[in-house]
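Numbers here simply count residues along the sequence, with the first being 1. Atom set for the values below is all heavy atoms of this structure, side chains included, hydrogens, waters and symmetry mates excluded. Note that the structure is a prediction, hence the values are computed from the model and not measured.
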Amino acid sequence: MLSIWQEEVTKHHTIKALRRIISAFRAASVVNERSNKDISSAYHIDNDAVFNKVMVVALKYVPKELDYHLSQQDNRNPPSDNGKEKKKQQQQPQKNPAAISPSQHPAWRRLRLMVKSYLGSFLYMLRGLPETSMIQYMIKQSEATLPYLVCFPKLAREYIRTLLSYFGEPSSDDTIRL
């Protein structure tokens, strides 16, 4: 099921598959809490292999798909090989997509709750990780989500607090600080 979603997201860029991956990621982020509380979710993850696959797919493909759907440049229709169009594009200054907030995109209203759910689950996972290597990997992967964190001030504050707590720990490994 996860491989089908991955294919739909990477080849067809469907929002429905993106929503399912984010929902599975949300279920995976609270997998340890499920035994203590009755948390309702569309998916229930019991297997470690499935958990790892959900994490890899979500961390690798969700930011790319969000960039695809919320980028300011229209990357869905590449220009033709006409030489005149290439010259025109070279003369026009390129906008830096990182400088423009994703919340300015017309599709933002439709994707806002999905993005917020993904970022909230991401932060929840980041706060609860015990292994230094996983913390380092998650921090590295979070770089792609920074333009979306800016759109949610409370989540951005929580992200900064989490990073500062990791950087300020006296027992923290030096690899996290770098």
Side-chain angles (χ1 to χ4, degrees), residues 1-10 15-70 98 101-103 108 110-178:
M1 182 166 47
L2 194 56
S3 59
I4 293 170
W5 296 343
Q6 180 181 348
E7 183 179 337
E8 287 178 4
V9 164
T10 56
I15 293 177
K16 187 176 182 180
L18 182 64
R19 184 176 293 120
R20 289 178 176 163
I21 291 172
I22 291 173
S23 181
F25 179 69
R26 184 173 183 89
S29 69
V30 295
V31 75
N32 292 334
E33 300 295 321
R34 186 173 299 277
S35 60
N36 298 336
K37 300 175 185 173
D38 187 25
I39 299 172
S40 62
S41 177
Y43 303 104
H44 183 72
I45 299 172
D46 289 330
N47 190 350
D48 289 339
V50 174
F51 175 81
N52 290 337
K53 181 72 173 172
V54 167
M55 287 295 143
V56 168
V57 169
L59 293 174
K60 186 175 182 182
Y61 294 111
V62 169
K64 289 179 185 178
E65 286 304 305
L66 292 176
D67 287 343
Y68 176 83
H69 289 289
L70 295 172
S101 174
S103 63
W108 177 251
R110 186 174 38 148
L111 296 173
R112 184 180 62 83
L113 292 177
M114 260 196 305
V115 173
K116 189 173 184 179
S117 174
Y118 174 73
L119 293 173
S121 300
F122 187 90
L123 286 174
Y124 189 81
M125 267 307 271
L126 186 61
R127 278 185 248 132
L129 289 174
E131 294 181 25
T132 305
S133 61
M134 272 304 289
I135 294 169
Q136 184 181 10
Y137 179 74
M138 290 281 286
I139 290 172
K140 192 173 201 178
Q141 294 300 318
S142 71
E143 187 177 336
T145 63
L146 291 179
Y148 306 106
L149 270 169
V150 172
C151 298
F152 303 102
K154 287 184 181 180
L155 289 176
R157 230 175 296 134
E158 285 297 317
Y159 176 71
I160 291 171
R161 284 182 188 148
T162 304
L163 287 182
L164 288 175
S165 71
Y166 282 130
F167 295 152
E169 285 181 4
S171 63
S172 181
D173 193 8
D174 286 339
T175 57
I176 293 177
R177 293 183 185 164
L178 300 176

Value for CZ (F122) from OG (S117), rounded to nearest 0.5 Å, stands at 13.5 Å
Is the backbone N or O of T145 less than 3.5 Å from a side-chain atom of Y118, with the two atoms forming a donor-acceptor pair by type?
no
Hey, what do you get for CD (E131) to CD (Q136), rounding to the nearest 0.5 Å?
12.0 Å
L129 CG to M138 CE distance, which is reported to the nearest 0.5 Å:
5.5 Å
Where do F51 and A28 come nearest, in terms of heavy atoms and distance?
CE1-O, 3.2 Å
Sidechain-backbone polar pair: T162 side chain, E158 backbone, donor-acceptor under 3.5 Å:
yes
What orientation do W108 and F152 show, parallel under 30°, tilted 30 to 60°, or perpendicular over 60°?
tilted
Side chain proximity check, I21 to Y61, heavy atoms < 4.5 angstrom
no
Value rounded to 0.5 Å, distance of CG in L119 from NZ in K116:
10.0 Å
Rounded to the nearest 0.5 Å, the CG atom of L163 sits from the CG atom of L123 at a distance of 8.5 Å
May I ask you to check whether over 12 heavy atoms, not counting those of I4, lie within 6.0 Å of atom CD1?
no
Can you measure from CE (M125) to CE (M55) and round to the nearest 0.5 angstrom?
3.5 Å
Is there a side-chain contact (heavy atoms from CB on, under 4.5 Å) between V62 and V9? Walk through the geometry before answering.
CA-CA 9 Å; V62 169; V9 164; over 6 Å; no
Under 3.5 Å: donor-acceptor pair, side chain of Y124, backbone of R26:
no
If we only count heavy atoms from C-beta on, is the Q6 to K53 side-chain gap below 4.5 Å?
yes
To check you understand the geometry: which heavy-atom pair defines the closest contact between A58 and F25, and what is its length?
CB-CD1, 3.4 Å
How close do Y148 and P63 get, counting heavy atoms only, and between which atoms?
OH-O, 4.4 Å
Is any side-chain heavy atom of L146 closer than 4.5 Å to a side-chain heavy atom of Y159?
yes
M114 and side-chain contact (heavy atoms from CB on, under 4.5 Å): which partner among H69, R19, E65?
R19
Quick one: does any side-chain atom of Y166 pair with a main-chain N or O of L126 as donor and acceptor, under 3.5 Å?
yes
